[in-house]
Trainee: 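Below you will find the structure I want to go over with you.
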Amino acid sequence: MITDRFALQGWQSDRLNILFLLGLGLLILGAGLGLRDPWPADEPRFALVAKQMVESGQWLFPFRGGEIYPDKPPMFMWGIALGYFITGSLRVAFLLPSLLAGLGCIALVYDIARRIWDRATAFRAGLFLLFAVQFTVQAKQAQIDALVTLFITLGGYGFLRFLLCGGGWRWYYLGWFAAGLGIITKGVGIIAALVLIPALWTHREQIKQASKAQWLKGLAGPLFMLLACALWVIPMVLVVQQHPLPEFLAYRDNILFRQTVTRYANAWHHIKPFWFYLVNVIPSFWLPWSLLLPWMVWQTKRDVKLGQRPVILLVGYLLLILLFFSASAGKRGVYITPATPVLALLVAYWLPELLTRRWPARLLAGLGWLLSGLFLCAGIVLLLKPALIAKLGEMDSPVLLALSLGATGLVANWLLRRQPLSAILATLTILWLHYGFWAYPLMNHLRTPQQIMQQAGQRLAPQDELLLTNFREQFLLFADRPVYHFAYLQDDEPQPTDAAAWVQAASHRWVLGPGDKLRPCFAADKGIALGQRHGDDWFLFRADAVLPACQSAQSSGAGIFYYAPKLLVGE
């Protein structure tokens with residue numbers, strides 16, 4: 001018997017349902033907002049670019065440090081920069097675009113499910129999207145994938161309104177326009193239009209009977225995608241033509257060609273096998289709903305035979321998204337985040353029937369007990385072996401975090417033992433709240449070089465100059481003075497020699513870098529050890545630390561960039 005009545009049905013009011021979903025989403029996705037700084041690998045890069053936009057007033061071209069950032073359009077960075085401009089706090093601003101994108105996806109999924117099916121299914125769809133692990137993770141990180149998921153979801157929303165809800169051509173054009181916004185966000189926004197491929201089957205009779213005017217309207221759709229792309233591409237190209245600097249020309253060519261078609265068709269990094277998502281990502285990152293996939297396959301076969309048009313469209317769309325990303329050799333787990341709203345819609349439609357079966361309910365309940373038990377065991381192990389967490393500094397906090405998470409999770413699962421759906425949702429809520437409000441501040445000093453940069457600032461006089469080797473964006477985020485640095489893609493090999501030549505050119509110069517990487521030209525025992533971050537021991541060196549073999553070193557001629565940070569009021 002189904003006992004998870006509220007989790008399955010919600011309220012009999014759209015306003016209450018959407019307010020509850022957005023409120024719960026704000027609590028879970030916003031937990032810890034302002035309690036941590038950007039963490040590697042991607043977050044410091046985007047935060048630094050956004051910070052420089054506000055500082056320099058250069059919003060059309062993204063820069064990190066003193067060099068242009070050629071790999072992504074600036075849409076996501078604009079969102080961070082706008083939040084930084086308004087709040088004056090980078091700690092708050094860098095997570096705002098992902099948070100708002102997550103809430104936007106929940107609202108879109110709720111509304112389209114309500115129009116296709118009913119209010120209860122819509123409530124489940126919004127709720128299940130919020131608790132899909134991959135979706136939650138991305139909405140709590142400063143990566144582009146959450147924002148591009150919003151635009152792809154908006155595109156799918158427009159197409160589904162057109163195909164299933166009699167919404168008219170304006171929704172068809174919205175789908176294409178949103179796909180264009182996704183393209184200038186991360187290049188893959190075109191996958192929003194993949195839902196039109198299964199529509200060739202589900203709507204074949206309408207297509208056969210379409211008039212010439214309807215065909216022309218349909219063929220005009222991609223023009224709206226191009227219009228959205230033109231909002232950024234045309235101003236960027238015009239500025240490059242007016243100011244044909246080498247870095248601007250390289251940025252234009254890289255963005256328009258290498259980072260789109262070339263990156264997809266001939267990927268050069270993150271190379272994974274075709275089945276990577278099926279084996280390495282979906283089983284864990286689509287939890288808890290990946291536990292239901294075997295039964296979802298059976299439901300799909302049944303509904304396809306019954307001619308359920310929404311199911312055929314959504315299942316076909318989901319499979320095409322997976323095929324699209326699997327076909328490229330370059331793969332990362334985050335890439336398939338845009339599939340999670342489609343997954344949530346299907347789970348919401350099928351789950352009431354699935355919970356009447358024995359094993360789906362048992363698997364959901366078992367996952368809640370398993371997660372809670374694992375955290376409780378981890379807390380006990382840490383309590384018995386404190387050496388495992390000695391480097392964290394605060395000995396009690398990690399132990400208390402794990403014990404609290406495990407204990408509260410077990411209590412919740414016990415109280416909701418007859419309601420497996422509510423139990424797993426409660427367990428995940430406890431997990432995300434602990435992670436945001438407790439783990440964020442606990443881990444922050446380990447994930448950022450703030451202490452190293454503070455120590456460096458205390459050692460240097462106001463007039464001293466600092467060169468950063470082995471460039472890391474996160475170090476520039478905490479700089480309290482102008483910093484010189486090598487190019488992001490500069491090879492490690494010539495950097496010790498170039499740094500030695502640079503530091504000997506003036507008496508007020510210092511070099512900051514990893515001791516192991518600078519060993520060919522710098523004596524660690526004559527440097528100032530600042531601590532370990534990101535797998536390296538970081539040192540400050542002056543000219544007296546240069547080894548004899550490098551004292552007459554000549555620079556290789558590699559470019560050295562200059563970054564002068566500014567601080568906003570309240571930061």
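If you read the sequence from its start, that first residue is 1, and numbering goes on from there.
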Trainee: Measure across Phe177 and Phe224 and return the closest heavy-atom pair with its distance rounded to 0.1 Å.
Mentor: CD1-O, 3.4 Å
Trainee: Under the ring pair (Phe, Tyr, Trp, His ring centres under 6.0 Å) criterion, do Tyr435 and Tyr440 qualify, and how do the steps go?
Mentor: CA-CA 6 Å; Tyr435 179 63; Tyr440 273 6; 5.0 Å; yes
Trainee: Is the count of non-hydrogen atoms from other residues, nucleotides or ligands lying under 6.0 Å from Gln554 atom CD greater than 12?
Mentor: no
Trainee: A side-chain contact here means heavy atoms from C-beta on lying under 4.5 Å apart; do Met453 and Leu477 qualify?
Mentor: no
Trainee: Just verifying a value: how many Å separate Thr149 OG1 and Phe135 CZ, rounded to the nearest 0.5 Å?
Mentor: 7.5 Å
Trainee: Would you indicate whether the side-chain heavy atoms of Phe541 and Trp510 approach each other to under 4.5 Å?
Mentor: no
Trainee: Could you tell me the separation between the CD1 atom of Ile28 and the CG atom of Leu24, rounded to the nearest 0.5 Å?
Mentor: 4.0 Å
Trainee: Can you tell me if Lys140 uses its side chain to pair, donor with acceptor, with the backbone of Gly32 under 3.5 Å?
Mentor: no
Trainee: Of the non-hydrogen atoms in Val195 and Phe159, which two are nearest, and what is the gap between them?
Mentor: CG1-CB, 3.5 Å
Trainee: Is any side-chain N of the basic residue among Glu43 and Arg36 closer than 4.0 Å to the acidic one's carboxylate O?
Mentor: yes
Trainee: Can you tell me if Gln58 uses its side chain to pair, donor with acceptor, with the backbone of Leu60 under 3.5 Å?
Mentor: yes
Trainee: Just how far is it from atom CH2 of Trp502 to atom CG of Leu467, taken to the nearest 0.5 Å?
Mentor: 5.0 Å
Trainee: To check you understand the geometry: which heavy-atom pair defines the closest contact between Leu512 and Leu540, and what is its length?
Mentor: CB-CD2, 4.1 Å
Trainee: Would you say Asn254's side chain and Pro70's backbone share a donor-acceptor pair under 3.5 angstrom?
Mentor: yes
Trainee: For a 4.5 angstrom cut-off between non-hydrogen side-chain atoms, does Tyr335 reach Val281?
Mentor: no
Trainee: Checking Tyr484 against Arg509: is there a side-chain donor and acceptor pair closer than 3.5 Å?
Mentor: no
Trainee: Rounded to the nearest 0.5 Å, what separation is found between the CZ atom of Arg45 and the CD atom of Glu473?
Mentor: 4.5 Å
Trainee: Is the closest side-chain heavy-atom distance between Ser98 and Phe76 below 4.5 Å?
Mentor: yes
Trainee: Using the six-membered ring of Trp538, assess whether NZ or CZ of Arg533 lies under 6.0 Å from its centre and within 45 degrees of the ring axis.
Mentor: no
Trainee: Testing Arg472, Arg447, Gln474 one by one against His534 for a side-chain hydrogen bond (donor to acceptor under 3.5 Å, both in side chains), which residue passes?
Mentor: Gln474
Trainee: Can you check whether Met53's main-chain N or O pairs, donor with acceptor, with Trp59's side chain at less than 3.5 Å?
Mentor: yes
Trainee: Which atom pair, heavy atoms only, marks the closest approach of Tyr277 to Pro283?
Mentor: O-CD, 4.1 Å
Trainee: Calculate, to the nearest 0.5 Å, the distance between atoms CG and CD1 belonging to Leu249 and Ile68 respectively.
Mentor: 10.0 Å
Trainee: Just one of Trp78, Phe248, Tyr69 clears the ring pair (Phe, Tyr, Trp, His ring centres under 6.0 Å) bar with Phe61, so which one?
Mentor: Phe248
Trainee: Are side-chain N/O atoms of Gln138 and Gln143 paired as donor and acceptor at under 3.5 Å?
Mentor: yes
Trainee: Let me confirm one number: the CZ-CG distance from Phe94 to Leu48, rounded to the nearest 0.5 Å.
Mentor: 13.5 Å
Trainee: Should the ring pair Trp438 and His434 be called parallel, tilted or perpendicular, given that the plane angle runs from 0 to 90° and is split at 30 and 60?
Mentor: parallel
Trainee: Mind checking whether Phe151 and Leu147 have side chains closer than 4.5 Å, heavy atoms only?
Mentor: yes
Trainee: Can you give me the closest heavy-atom contact between Leu35 and Gly436, atom names plus distance?
Mentor: CD1-O, 3.9 Å
Trainee: Main chain of Pro565, side chain of Glu55: is a donor-acceptor contact present, judged purely on distance under 3.5 Å?
Mentor: no
Trainee: Within a strict 4.5 Å, meaning less than it, do heavy atoms of the Ser56 and Phe63 side chains meet?
Mentor: no
Trainee: Looking at every non-hydrogen atom in both residues, tell me the closest pair between Leu320 and Leu194 and how far apart they are.
Mentor: CD1-O, 3.5 Å
Trainee: I'd like to know whether CZ of Arg91 has more than 12 heavy-atom contacts from other residues, nucleotides or ligands below 6.0 angstrom.
Mentor: yes
Trainee: Are side-chain heavy atoms of Phe471 and Gln490 found at a separation under 4.5 Å?
Mentor: no
Trainee: Using a strict threshold of under 4.0 Å (side-chain N to carboxylate O), is an ion pair present between Lys72 and Asp42?
Mentor: no
Trainee: Do Pro441 and Asn444 have side chains that approach each other closer than 4.5 Å (heavy atoms only, starting at C-beta)?
Mentor: no
Trainee: Is the CZ atom of Phe276 crowded by more than 12 outside heavy atoms at less than 6.0 Å?
Mentor: yes
